[in-house]
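Whatever order the structure lists them in is the order used to number ligands and atoms, beginning at 1.
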Amino acid sequence: MSRIAIMAAMQEELRALLALMPDEHKQVLGGREFWLGHLHGHEVVLVLSRIGKVAAATTASLLAARFEPSELLFVGVAGGLGPAVKVGDVVVAEDLLQHDLDASPLFPRHEVPLYGRSRFVSDAGMNRRLAAAVQAVLAEAPRHLGASAVAEFGLGAPTLHRGLIVSGDRFVASGAESAALRAELPDALAVEMEGAAVAQVCHDLSLPCAVMRTVSDRADDSAHVDFNAFIREVASAYSAAVVAAYLG
Ligand code: ADE
């Protein structure tokens with residue numbers, strides 16, 4: 001049976017997924033803990049991505065080389081950039097770009113040298129299944145989160161968005177910086193710190209991948225407020241429920 005790899009950006013998300021595994025056992029490689037076992041009847045390998053592009057690319061490379069998964073699903077949180085992308089929404093990446101990559105004038109801004117491209121696409125089939133799983137979970141958000149979390153974070157009618165996610169080695173936490181990103185990359189829906197690097201590794205290895213991000217903040221001056229509580233109470237519940245629906 002083929003093995004599905006799941007990378008989680010946050011420890012709390014990984015913990016929520018591990019709680020669903022009846023038989024997990026750990027293998028340590030490159031300082032990372034890889035968790036093997038079953039989730040909803042599927043053979044899986046789970047790992048914390050670590051934070052930032054290099055760390056996540058190393059994790060993805062080790063994961064692919066040692067455990068030979070048939071696909072890689074990334075779950076985590078992101079800052080909303082698109083004007084309609086609000087806290088509590090979920091973004092499924094169609095393509096991913098490193099917003100802080102700039103080898104100009106040798107190569108066009110954002111282009112990854114020697115690849116002839118700035119954007120890496122995720123797998124269309126996985127995205128379809130992932131989007132359906134997200135829709136199913138968001139339609140019943142209060143059941144997954146509890147009414148108090150819905151009220152605490154003002155999560156009215158959470159929405160699924162599909163499109164460009166941009167990644168960089170920076171937590172974007174000012175209105176000026178997120179406005180600059182919006183001006184430079186008008187179709188960017190959300191910003192995070194790993195997805196484009198993992199998508200590049202998957203491209204190199206012909207490994208189908210998909211990235212789902214729960215929007216934890218608007219990448220502005222209040223981006224840090226309640227970040228940890230949001231991950232604990234909202235993002236972890238969403239990613240566990242979406243993974244269950246995706247595998248189910
Ligand atoms: N992950 C969650 N929020 C983020 C932000 N504002 N910038 C970068 N990565 C994030």
request  = Answer yes when E12 and R232 have at least one side-chain N-carboxylate O distance shorter than 4.0 Å, and no when they do not.
outcome  = no
remark   = So the atoms of ligand 1 within less than 4.0 Å of a heavy atom of F227 turn out to be 2 (C)
ask   = If you round to the nearest 0.5 Å, how far is CD of E192 from NZ of K53?
value = 10.5 Å
query = Purely on distance, is any nitrogen or oxygen of A173 under 3.5 Å from one on ligand 1?
reply = no
inquiry  = Can a side-chain donor-acceptor contact be found between S122 and N127 if the only test is distance below 3.5 angstrom?
reply    = yes
task = Please confirm whether A78 comes under 4.0 Å of ligand 1, counting heavy atoms of the residue only.
result = yes
key: Evaluation steps, side-chain contact (heavy atoms from CB on, under 4.5 Å), between L96 and F74   = CA-CA 12 Å; L96 302 107; F74 193 111; over 6 Å; no
query = Which atoms of ligand 1 sit under 4.0 Å from any heavy atom of S216?
reply = 2 (C), 3 (N)
inquiry  = For ligand 1 and D217, I'd like to know whether there is a polar contact (N/O to N/O, distance under 3.5 Å).
reply    = yes
task = Could you say whether the N/O atoms of V172 and ligand 1 ever approach to under 3.5 Å?
result = yes
key: Atoms of ligand 1, numbered as shown, that sit under 4.0 Å from any heavy atom of V191   = 4 (C), 8 (C), 9 (N), 10 (C)
Proximal ligand 1 atoms for R170, defined as those under 4.0 Å from one of its heavy atoms = 8 (C)
query = Any idea how F171 and F227 line up, ring-wise: parallel (<30°), tilted (30 to 60°), or perpendicular (>60°)?
reply = perpendicular
request  = Give a yes or no on whether a salt bridge exists between R117 and D95, defined as a side-chain N under 4.0 angstrom from a carboxylate O.
outcome  = no
Per-atom contacts of ligand 1 with A219, taking only distances under 4.0 Å to non-hydrogen atoms = 6 (N)
ask   = Without hydrogens or angle criteria, can the side chains of T59 and R32 be said to hold a donor-acceptor pair below 3.5 Å?
value = yes
ask   = At a 4.0 Å threshold, what atoms of ligand 1 neighbour a non-hydrogen atom of M193?
value = 8 (C), 9 (N)
